[in-house]
Every structure is written in structure tokens, then in C-alpha cells.
Amino acid sequence: METPLITLLPLVVLAYLSGSWLGALSVCRLAGVGDPRLAGSFNPGFSNVLRLHGRRLALATLLVDAAKGVPALALALLLGLPPWAQGVVGLAVLLGHSYPAWHRFRGGKAVASAFGVMLVLTPGVALVCAVLWALLAWRVRTAAVASLASAAAAPLASLWLAPDYVIVVIAFTLLVLGRHVLNIQRLGRGDEPPL
């Protein structure tokens, strides 16, 4: 099925804009606590909010970041776009979260956003990755290890559970892994902050 640019482009713009809403900033402002970009790992995401402000605000951050791409993705599904085009819309959500224009292109690591995107497009893969993330975070107490491992497992899970979306999931994985370069360096030095 051909996907006209006139259909895809507005969805990509909507996806980027919704993705660039950083849940951590809104949640922390509403709660009257410090900006997570100024402490901890300096990352506006679930793990840093958990580390700095506890489970309640971290869960709220996770919910916002996972849900914010749903409108654009729901439209892509409603319009019957093929998997690759749905993936482009999903990738725009992740790019918005990672590189938000109004925050000097300094955003989060896109783990929670990728979970939300995959929950819409490939729910089985998303759930496998979430269980793996939770188990590793519990055992090793390091968000970066859990995030890297679950991102790396996503393409393998998609081969089994959502083969039409393998290329899409690989693109998401590469973005998430790329956003964790500093974490990988800190893990190598042994100074990655624990949860």
C-alpha cells in the first residue's frame, strides 16, 4: 500500500510535537520539586525521577512519556498505514522526546517513550521488554543496564511476536542504544549511578 506524503507528514509533525513533551518536567513542576535535568543523571526521564523524587512521581513520568505518542500512532493505525509508515510516526515520537526543539534539543533517553510506542504497535514485544527491564532493574539496580538489555532484546522478540515490524523495532533500538552512549562509558568506568 502506498502512503502519500501528504498523509504521513502531518502525522510525523504531530508525533514529534507530542514526543517533545517531556513528562518528567511537567510532573516535577506540578509536584513543586526540582528539575531532574539539574541533578542525578541530569536526564529528564523515569529513572532519574525515581532516583531523585521517588516512585509516585516516577510512575507519573512513565505514564506521560509512554502515553504521549498514542494520538499520532492511533491515527496512523486508523488510516491503515503500513508497518514501515507506522514506524516512521513512532520514530518521530522518540526523536521528539530525545531532541525536543524547545529544550535546546536536550531530551531524554526514549526508553519509556519507546515502550509506549511499541505498546501500540507491537504490544507483545513491549510487554516482553518491560518484564525484562523490571527483572534486571530489580536484580542489578541499574537503570542503564536494564534499558540497554531490554532494547537489545526488542528486535529478537519482534522476530518472534511481530515479524512485520522487525525493521521498525531495530530503528527504535538503535536510537535508544545511541542515547545511552554516556551510560555505556560510565558503566565501563564503574560510576553509573544506581537506582
Side-chain angles (χ1 to χ4, degrees), residues 11-28 36-37 40-51 58-73 76 86-123 125-130 132-134 136-137 142-155 157-158 165-187 192-193 195:
L11 285 178
V12 167
V13 172
L14 173 63
Y16 176 85
L17 293 175
S18 62
S20 65
W21 172 26
L22 300 179
L25 302 188
S26 298
V27 166
C28 290
R37 297 172 300 176
S41 66
F42 309 105
N43 180 53
F46 163 80
S47 299
N48 199 35
V49 173
L50 177 63
R51 199 178 288 119
L59 180 59
T61 299
L62 174 64
L63 290 174
V64 171
D65 284 344
K68 63 189 178 183
V70 170
L73 291 162
Q86 296 169 28
V88 169
V89 174
L91 190 60
V93 173
L94 304 189
L95 289 171
H97 180 83
S98 300
Y99 306 102
W102 12 88
H103 297 293
R104 299 179 184 175
F105 299 100
R106 293 172 59 193
K109 303 288 174 67
V111 176
S113 299
F115 170 70
V117 167
M118 290 197 304
L119 201 54
V120 175
L121 300 182
T122 58
V125 176
L127 294 175
V128 166
C129 292
L132 179 60
W133 190 98
L136 285 170
T142 307
V145 170
S147 298
L148 289 165
S150 58
S158 67
Y165 289 87
V166 171
I167 300 299
V168 167
V169 172
I170 288 172
F172 298 165
T173 294
L174 290 174
L175 176 62
V176 170
L177 295 178
R179 295 292 293 156
H180 280 79
V181 167
L182 292 177
N183 302 83
I184 294 167
Q185 291 171 352
R186 285 197 296 264
L187 284 166
E192 175 69 11
L195 278 172

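Side-chain atoms are counted along with the backbone in the values below, which use heavy atoms only and exclude waters and symmetry mates.
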(request) Measure the CZ-CZ distance between F115 and F46 for me, rounded to the nearest 0.5 Å. (result) 10.5 Å

(message) Can you give me the closest heavy-atom contact between P100 and S20, atom names plus distance?
(response) CB-CB, 3.7 Å

(request) Look up atom CG in N43 and atom CZ in R51, then write down how far apart they are to the nearest 0.5 Å. (result) 8.5 Å

(message) One pair to check against side chain to side chain contact (heavy atoms under 4.5 Å, CB included): I170 and V166. What are the steps and the verdict?
(response) CA-CA 6 Å; I170 288 172; V166 171; 3.8 Å; yes

(message) Keeping Y16 on the side-chain end and A101 on the backbone end, is there a donor-acceptor pair under 3.5 Å?
(response) yes

(message) I need the minimum non-hydrogen distance between P36 and C28, along with the two atoms involved.
(response) CD-SG, 3.8 Å

(message) Can you give me the closest heavy-atom contact between G69 and V93, atom names plus distance?
(response) CA-CG2, 3.8 Å

Only pairs under 3.5 Å count here: list side-chain donor-acceptor contacts from residues 148-155, not counting sequence neighbours, and write none if there are none.
from: S150; atom 1: OG; to: A146; atom 2: O; distance (Å): 2.9
from: S150; atom 1: OG; to: S147; atom 2: O; distance (Å): 3.2

(message) Nearest 0.5 angstrom please: S41 OG to L182 CG, how far?
(response) 10.5 Å

(request) Apply side chain to side chain contact (heavy atoms under 4.5 Å, CB included) to the pair Q86 and Y165, showing each step before the final yes or no. (result) CA-CA 9 Å; Q86 296 169 28; Y165 289 87; 2.6 Å; yes

(request) Give a yes or no on whether the backbone of G23 and the side-chain of S26 come within a donor-acceptor separation of less than 3.5 Å. (result) no

(request) State whether the side chain of R179 and the backbone N or O of G107 hold a donor-acceptor pair below 3.5 Å, judged by distance alone. (result) yes

(request) Calculate, to the nearest 0.5 Å, the distance between atoms CG and OH belonging to L94 and Y99 respectively. (result) 11.0 Å

(request) State, yes or no, whether a side-chain contact exists between L127 and L119 at a heavy-atom distance under 4.5 Å. (result) yes

(message) Testing the basics here: between V89 and A76, what is the closest heavy-atom pair and its distance to 0.1 Å?
(response) CG2-CB, 4.3 Å

(message) Which heavy atom of H97 sits nearest to which heavy atom of D65, and what is that distance?
(response) CE1-OD2, 3.5 Å

(request) Quick one: pull up OG in S158 and CZ in F172 and give me the separation to the nearest 0.5 Å. (result) 10.5 Å

(request) Begin with the C-alpha distance, continue with both residues' side-chain angles, and end with the deciding distance and a verdict on side chain to side chain contact (heavy atoms under 4.5 Å, CB included) for L73 and L11. (result) CA-CA 8 Å; L73 291 162; L11 285 178; over 6 Å; no

(request) Measure across S98 and L175 and return the closest heavy-atom pair with its distance rounded to 0.1 Å. (result) OG-CD2, 4.2 Å

(request) Enter the distance from L25:CG to W102:CH2 here, rounded to the nearest 0.5 Å. (result) 13.5 Å

